[in-house]
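Notes follow the structure.
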Amino acid sequence: MKKFLRRNVVVIVILVVFGAIFLYGDYQVIKNNQGIAETRNNYIERCKTKTITDEGEKKFCHEILTNEVIEPDFYSEFSEVLIWHVQSFGYFLFLIVIIPSMIQICRMLRNKYILNTNLRESYKSFIKKMLFTAYKYLWILPVLAIILMLPLLFTYTLTPEYSIAYGMRWSTKLIYHPVLFIFLYLLNVLIVSTIYVNISLIVARFQKKFIPCIILSYIVFFSIEIFLETVVRVLILQRVFHTELGMIFNIMDIFGFNDLFGIPALFIVNISFLLLSFLGVYLAYRNKERFVISCEANN
């Protein structure tokens with residue numbers, strides 16, 4: 001048990017810290033809604049029991065007593081948490097995924113693991129082992145997403161009446177199918193997490209020291225995001241094609257699940273990015289001789 005905790009201390013810290021942050025966001029949203037409901041009930045009780053002569057107050061009481069109250073649902077409150085309590089951490093989510101993976105990957109590369117195993121196993125076998133090591137922490141962000149969802153699932157209804165009535169974040173009919181919604185949401189988080197790890201794998205091929213690798217990976221990631229936001233979205237899609245489709249060209253908003261142009265469009269874009277990232281990893285590691293020479297040059 002102690003050995004397991006030592007090996008996974010970084011992952012445990014990430015889950016505890018960000019799990020607590022996300023749960024606190026849920027707590028604030030739930031508490032705020034409870035406060036609104038309590039205030040509304042107080043007004044209703046006051047309107048029922050108090051003799052009212054003021055015309056403005058009469059009008060207010062008539063509205064509050066006759067208007068149908070639509071209670072918030074899971075989708076509306078999930079959207080609230082994402083916007084007000086998670087979105088500000090978007091810059092750190094990339095690091096949450098790559099740091100646990102790169103600790104072990106950089107250790108393998110810095111310690112010239114391939115030189116020690118070169119005679120015992122094939123290069124293909126080594127690459128498979130390295131990729132398994134890199135991808136074994138892809139579950140972190142999906143698990144954090146589940147932690148974020150659970151309190152809201154137990155507190156609010158899955159009937160999206162409130163979200164539809166007030167035009168909340170989700171715009172497709174997918175919200176009428178909660179199981180499919182949650183599955184596709186988590187699948188999308190997993191896809192983007194894989195893109196993050198692939199970016200860091202490409203960087204690790206050329207920078208094998210852990211801290212420089214993390215810093216450079218973040219710079220590359222941020223540069224890709226700026227390119228997508230400015231060149232692809234603004235200069236090409238907005239100015240040339242006059243479309244806002246570029247809104248879904250956003251690999252930083254991993255928890256966003258932007259369905260404005262439909263779920264298929266979102267997945268086509270993200271899967272395309274995923275395939276491009278796999279191509280980048282393949283090109284970075286396909287030449288065994290160059291890779292071995294770069295490992296031998298490690299100090």
Side-chain angles (χ1 to χ4, degrees), residues 4-28 78-79 81-109 130-152 182 184-204 207-226 228-229 250-258 266 270 273-274 277-278 280-281:
F4 172 81
L5 293 176
R6 279 200 306 271
R7 286 183 174 179
N8 297 280
V9 63
V10 174
V11 177
I12 293 170
V13 170
I14 287 172
L15 291 176
V16 170
V17 172
F18 282 89
I21 291 172
F22 289 178
L23 288 175
Y24 182 68
D26 286 342
Y27 167 76
Q28 286 187 307
F78 187 44
S79 176
V81 176
L82 290 176
I83 292 171
W84 299 109
H85 301 285
V86 174
Q87 199 171 56
S88 57
F89 293 97
Y91 296 101
F92 301 101
L93 298 180
F94 175 78
L95 299 175
I96 288 176
V97 179
I98 71 165
I99 286 177
S101 299
M102 288 303 104
I103 288 175
Q104 297 191 38
I105 292 297
C106 289
R107 184 181 296 127
M108 289 176 65
L109 300 181
M130 187 185 72
L131 293 179
F132 173 80
T133 301
Y135 296 143
K136 72 179 182 179
Y137 294 114
L138 290 177
W139 53 268
I140 292 178
L141 285 184
V143 166
L144 286 175
I146 291 172
I147 292 173
L148 185 65
M149 289 179 178
L150 284 177
L152 304 177
I182 293 172
L184 292 179
Y185 184 91
L186 296 177
L187 177 61
N188 187 65
V189 172
L190 184 64
I191 289 172
V192 182
S193 295
T194 308
I195 295 171
Y196 290 177
V197 173
N198 284 347
I199 290 172
S200 62
L201 278 171
I202 295 169
V203 172
Q207 176 50 261
K208 299 171 179 61
K209 295 180 180 179
F210 173 68
I211 293 178
C213 177
I214 295 297
I215 295 173
L216 188 56
S217 294
Y218 192 80
I219 292 173
V220 171
F221 163 70
F222 204 74
S223 300
I224 293 172
E225 178 64 22
I226 292 174
L228 293 174
E229 286 289 323
N250 187 344
I251 60 172
M252 183 175 288
D253 189 19
I254 188 171
F255 283 159
F257 203 51
N258 191 331
L266 177 65
N270 284 343
F273 289 154
L274 178 65
S277 70
F278 276 127
V281 172

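Position 1 is the first residue of the sequence; numbering continues from there.
- Between Phe78 and Met149, the closest side-chain pair of non-hydrogen atoms falls below 4.5 Å.
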Intermediate values then yes/no, side chain to side chain contact (heavy atoms under 4.5 Å, CB included), Ile96 and Phe89: CA-CA 10 Å; Ile96 288 176; Phe89 293 97; over 6 Å; no
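- No side-chain heavy atom of Val9 sits less than 4.5 Å from a side-chain heavy atom of Ile12.
- In this structure, Tyr137 has no ring pair (Phe, Tyr, Trp, His ring centres under 6.0 Å) partners at least two apart in sequence or on a different chain.
- Distance alone, capped at 3.5 Å, is enough to place a donor-acceptor pair between the Asn250 side chain and the Asp253 backbone.
- Rounded to the nearest 0.5 Å, atoms CD1 (Ile251) and OG (Ser193) are 11.5 Å apart.
- For Gln207 (side chain) and Cys213 (main-chain N/O), no donor-acceptor pair under 3.5 Å exists by modelled atom type.
- Side chain to side chain, Asn270 and Asn188 meet the donor-acceptor criterion of an N or O pair below 3.5 Å.
- Across all their heavy atoms, Ile105 and Ala204 have their closest contact at CG2-CB, 4.2 Å.
- With sequence neighbours excluded, the residues that form a side chain to side chain contact (heavy atoms under 4.5 Å, CB included) with Thr194 are Tyr135, Leu138, Asn198, Leu274, Phe278.
- Side-chain contact between Leu201 and Leu131: present, with at least one pair of heavy atoms (C-beta onward) separated by less than 4.5 Å.
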Worked check of side chain to side chain contact (heavy atoms under 4.5 Å, CB included) between Lys136 and Gln104: CA-CA 11 Å; Lys136 72 179 182 179; Gln104 297 191 38; 3.3 Å; yes
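- Applying the ring pair (Phe, Tyr, Trp, His ring centres under 6.0 Å) criterion to Phe257, with sequence neighbours excluded, gives Phe181, Tyr185.
- How far CD1 of Ile146 is from CD1 of Ile182: 9.0 Å, rounded to the nearest 0.5 Å.
- Rounded to the nearest 0.5 Å, atoms CD1 (Ile195) and CZ (Phe221) are 10.0 Å apart.
- Residues Ile140 and Pro100 form a side-chain contact, since some pair of their non-hydrogen atoms from C-beta on lies under 4.5 Å apart.
- Separation of atoms NZ (Lys209) and CD1 (Ile211) is listed at 10.5 Å; rounding is to 0.5 Å.
- Summarising the geometry, atom CD1 belonging to Ile254 is positioned 10.0 Å from atom CD1 belonging to Ile191; distances are rounded to the nearest 0.5 Å.
- Side-chain contact between Phe210 and Met102: present, with at least one pair of heavy atoms (C-beta onward) separated by less than 4.5 Å.
- Looking at residues two or more places apart in sequence or on another chain, you find a side chain to side chain contact (heavy atoms under 4.5 Å, CB included) between Asp26 and Leu23, Val81, Leu148, Pro151, Leu152.
- Counting only heavy atoms from C-beta outward, the side chains of Ile224 and Phe273 never approach each other to under 4.5 Å.
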Verdict with reasoning, Phe94 to Ser217, per side chain to side chain contact (heavy atoms under 4.5 Å, CB included): CA-CA 9 Å; Phe94 175 78; Ser217 294; 4.1 Å; yes
Stepwise side chain to side chain contact (heavy atoms under 4.5 Å, CB included) check, Leu109 with Met130: CA-CA 9 Å; Leu109 300 181; Met130 187 185 72; 4.3 Å; yes
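- Considering only heavy atoms from C-beta on, Gln28 stays 4.5 Å or farther from Trp84 through its side chain.
- Under the side chain to side chain contact (heavy atoms under 4.5 Å, CB included) criterion, Leu95 pairs with Ile98, Ile99, Ile214, Tyr218, sequence neighbours left out.
- Separation of atoms CZ (Phe92) and CD1 (Ile21) is listed at 9.0 Å; rounding is to 0.5 Å.
- Every pair tested for side chain to side chain donor-acceptor pair (under 3.5 Å) that includes a residue from residues 87-103 fails, sequence neighbours excluded, so the list is empty.
- Using a 4.5 Å heavy-atom cutoff, the side chains of Leu186 and Leu190 are not in contact.
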